[in-house]
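Here's the structure, in C-alpha cells; my notes come after.
A, B, ... follow the sequence lines: proteins, then strands. Residue 1 opens every chain.
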Protein chains: 2
Amino acid sequence: MKTAFRDIRDELRRRIIANEWPPGGLIPNEVDLCAEFNCARATVNRAMRELAEEGLIERRRKAGTRVRDVPRKQATFEVPVVRKEIEARGSRYQFTLLSREAMPAPAWLCARLEIPDNSPVLHLTCLHCADGHPYQFEDRWINLKALPQAKQADFSNVGPNEWLLATVPYTDAQISFGALNSDPDLAHHLGCKAGDALFVAERMTSFQDEPITYVRMIHQRGHQMTMRY
Amino acid sequence: MKTAFRDIRDELRRRIIANEWPPGGLIPNEVDLCAEFNCARATVNRAMRELAEEGLIERRRKAGTRVRDVPRKQATFEVPVVRKEIEARGSRYQFTLLSREAMPAPAWLCARLEIPDNSPVLHLTCLHCADGHPYQFEDRWINLKALPQAKQADFSNVGPNEWLLATVPYTDAQISFGALNSDPDLAHHLGCKAGDALFVAERMTSFQDEPITYVRMIHQRGHQMTMRY
DNA sequence: TGATGTTTATCGTCTATACAAAATATCTGC
DNA sequence: GCAGATATTTTGTATAGACGATAAACATCA
C-alpha cells in the first residue's frame, strides 16, 4: 500500500514531539514541504490535515501552519452497548425487564427532554446481568409522541436499548457521566449496599429535534469506563 | 467556499438516515456516484471517507461500501484541564497545594504504571477551587525516573497538571471514569459528607513507553461530565 | 470435493494543475 | 498617522488521470 501521506504525517508529528519545531512556532508551508519530501502538494496537505484534526497543529490561510502551544488532545470512545460490553468480557449476557408503565412524563423529564407538560411516555426499568451477576440497572423513558409503536413493543426478550437502535436512528445525542449514592431499591437489584457510590451514564437522543429517549445506566459498584488515546 | 464534498457527504448521510439505503445494504460505488453528482472520483471518495470515519458506513476494496447495521457512533471529548473548565463556567480559578512528598512508589502504583518496585515518585495532592468553593481534589503521582526535574519544580503557583503539560509531551494516555465513596479526609477538603458518591476521573500518561504520571481527579458531589455527539 | 491459481471490480492513494477563499501585508489618498 | 482599497501568500478544494492493493468471484486442476 502506498503510505506517503502517512509517512509524512508521522515524520511531521515526530518533529513536533521532538521539539524540532517548538510550540507556537511556524512550520514550513506546503510547497516547501512538497519539495523536501518530493511529492505533490495534495499529499502534504492530507498529512497536515490529519495532524490538524488530531489537534497538534493549527492551520490558517495566509498565516500558515503553527504548532499548537497546548495540543488539543481529544479522546474518542464508542458509545457503549451493554450487551456487547458484557460479551466482550467473555461473559454470558442476560436481561430482565423489571417494570413497564405508560404514564404522563414527570416534570423533571419534560424539562430535560424539552417536551410539553404531561406528554405521554413509557417508563421501563431493566437489569442487565453478566454471568448471572447484576451489571447494570437501566432506567429508561421513551417519548411516546415520537415513538408510539413503543407502546406495543415486547421488551421481554429484546432490551429497549437494542430495540431502539434497530428501530429509530438518531441525529443528536448527549451523554453525561456522574456518580450516585445507591438507594435501598437499587442496592437490592444490584446486590450492593445502600449508600455505595455507583457510576452513572446518562444518555439523551433525539431525531431531527424530536426527543426520543432518556436513559440512566447505573453500573455495578467499582465499575470503570476506560479509553486510550 | 467550495463545498461539493460536504454536500455529497451530507446527502449520502441523509439517504442512510432516511432508510433509502437500508442497513447492511450496498450503496453505489464511487464511479456511479461521480456520475450522479457530476464530480471527480476524489470528491466522492472524500465524502465517503468521512462517513466511514463517522462510523456510518463500512468500505472494503472490491466488496464495495455498505451501510453499517449498527452505526458505530463514537463520541469525542477534549481532555479536561481543570483551570479551563472552571474559567469556562465564568468562575474564578484558585489552586492550593495540600501536600508534597518524594517517596518510593507504593506497590499498587508500580503495578499500574508498570515501573520497578520502589521507583522514586513524587506524590502531590492539591485542591482546585471555583469562586472559592472546592471543585476538584487532585491526587497525583509523578515518575521521578522519567522526570527528575519535577523534584525541583515549584508547584505552589502553577499546578502540576499545567506544569506537566508545558514541560513534557506525551505519546500515550489512558483515561478512566468511575465513582467513589468519599472518605472523611476527602469530605473535609471538598466540603461534602463522608460517604457521598463522587465522580472520579483517572489518567495515566506516558511518553514513548516511559510512564510519566498517574492522577486521580476527584470531583465535587453532583459533578457531571457531558458531551454531545 | 477441495485446494489453488487467475481474473476483475472496487477502493486507496498519488500526481499535476487549477482556481477559490481567507487573512495578512502593502499601498493610496487624505 | 489612519481608513480603506488592493495585492500577495497560504491553505482549501476540485479535476482528470494513473497505478496499486485487496478481496471476491471464477476457473482450473488434483
Side-chain angles (χ1 to χ4, degrees), chain A residues 1-16 20-69 71-72 74 76, chain B residues 1-16 20-69 71-72 74 76:
Chain A
M1 172 81 77
K2 297 262 181 144
T3 56
F5 84 86
R6 261 179 267 275
D7 293 346
I8 295 172
R9 178 195 62 193
D10 293 348
E11 168 61 14
L12 300 182
R13 193 196 286 115
R14 188 197 64 74
R15 291 184 191 176
I16 292 168
E20 293 178 29
W21 288 331
L26 271 178
I27 76 181
N29 69 35
E30 296 189 348
V31 176
D32 292 349
L33 288 172
C34 294
E36 176 185 346
F37 292 109
N38 191 31
C39 68
R41 189 165 76 88
T43 306
V44 168
N45 183 276
R46 172 125 187 227
M48 303 247 275
R49 182 151 41 80
E50 296 209 347
L51 291 178
E53 277 164 14
E54 266 178 45
L56 219 55
I57 60 179
E58 213 172 9
R59 321 196 67 199
R60 262 161 61 221
R61 285 162 167 156
K62 165 74 183 178
T65 301
R66 49 183 68 245
V67 180
R68 292 186 82 112
D69 1 4
R72 174 185 55 81
Q74 50 184 24
T76 74
Chain B
M1 173 83 78
K2 298 255 178 147
T3 57
F5 84 86
R6 265 179 261 275
D7 293 346
I8 294 172
R9 179 196 63 193
D10 294 348
E11 168 61 13
L12 300 183
R13 192 195 286 114
R14 188 198 63 74
R15 291 184 192 177
I16 290 167
E20 293 177 29
W21 288 331
L26 271 177
I27 77 181
N29 68 36
E30 296 188 346
V31 176
D32 292 350
L33 288 172
C34 292
E36 176 185 345
F37 291 109
N38 192 30
C39 69
R41 188 166 77 88
T43 307
V44 168
N45 183 277
R46 171 128 189 223
M48 303 248 274
R49 181 151 42 82
E50 297 210 346
L51 291 178
E53 277 163 16
E54 267 178 44
L56 220 56
I57 61 180
E58 213 172 9
R59 319 196 69 197
R60 263 158 62 218
R61 285 164 168 152
K62 164 74 183 179
T65 301
R66 49 182 69 244
V67 180
R68 292 185 84 112
D69 1 6
R72 174 183 55 83
Q74 50 185 21
T76 73

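Remark: A:Arg46 is in phosphate contact with C:dT13, judged by side-chain N or O atoms under 4.0 Å from OP1 or OP2. The shortest distance between the side-chain N/O atoms of B:Asn45 and the OP1/OP2 oxygens of C:dG12 is below 4.0 Å. One finds a side-chain N or O of B:Thr43 lying less than 4.0 angstrom from the OP1 or OP2 phosphate oxygen of D:dT15.
Rounded to an integer number of Å, the gap from A:Leu33 CG to D:dG12 P is 13 Å. Look at CD on A:Glu30: it is 8 Å from C1' on D:dG12, rounded to the nearest Å. Taking atom CD on B:Glu58 and atom C1' on D:dA23, their separation rounds to 14 Å, with Å as the unit. Following rounding to the nearest Å, A:Asn29 (CG) and C:dT24 (P) show an atom-to-atom distance of 16 Å. Look at CZ on B:Arg9: it is 11 Å from P on D:dA14, rounded to the nearest Å. The nearest whole Å value for the distance from the CZ atom in A:Phe37 to the C1' atom in C:dT13 is 17 Å. Note: CD1 (B:Ile8) to P (D:dT13) measures 13 Å, nearest angstrom. For the pair A:Met48 CE and C:dC14 C1', the interatomic distance rounds to 17 Å; values are reported in whole Å.
Of all the heavy atoms in B:Asn29 and B:Val31, the pair that sits closest is OD1-N, 3.1 Å. Looking at every heavy atom in both residues, B:Ile16 comes nearest to B:Val67 through CG2-CG1, 3.7 Å. The shortest heavy-atom contact between A:Pro23 and A:Arg68 is CB-O, 4.0 Å.
Of the possible donor and acceptor atoms, one in the side chain of A:Arg66 sits under 3.5 Å from a partner among the backbone N and O of A:Gly24.
Each of A:Gly64 and A:Arg49 lies near DNA chain D, and the nucleotide nearest A:Gly64 is the one positioned closer to the 5' end. Taking the nucleotide of DNA chain C with the nearest heavy atom to each of A:Ala63 and A:Arg6, the more 5' of the two is matched to A:Arg6.
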Determine all donor-acceptor pairs shorter than 3.5 Å in which one atom belongs to a side chain in residues 39-51 of chain B; sequence neighbours excluded.
| unit_1 | atom_1 | unit_2 | atom_2 | d |
| --- | --- | --- | --- | --- |
| B:Arg41 | NH1 | B:Glu30 | OE1 | 2.4 |
| B:Asn45 | ND2 | B:Glu30 | OE2 | 2.8 |
| B:Glu50 | OE1 | B:Arg9 | NH1 | 2.6 |

### Check against side chain to side chain contact (heavy atoms under 4.5 Å, CB included), B:Leu12 and B:Trp21
CA-CA 9 Å; B:Leu12 300 183; B:Trp21 288 331; 3.6 Å; yes

### Query
Along nucleotides 16-21 of chain D, 5' to 3', which nucleotides get a B, which get an S, and which get a -, given that the test is a protein heavy-atom distance under 4.0 Å?
--B-BB

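Partners of B:Glu53 under the salt bridge (charged side-chain N to carboxylate O under 4.0 Å, His left out) rule, at least two apart in sequence or in another chain, do not exist in this structure.
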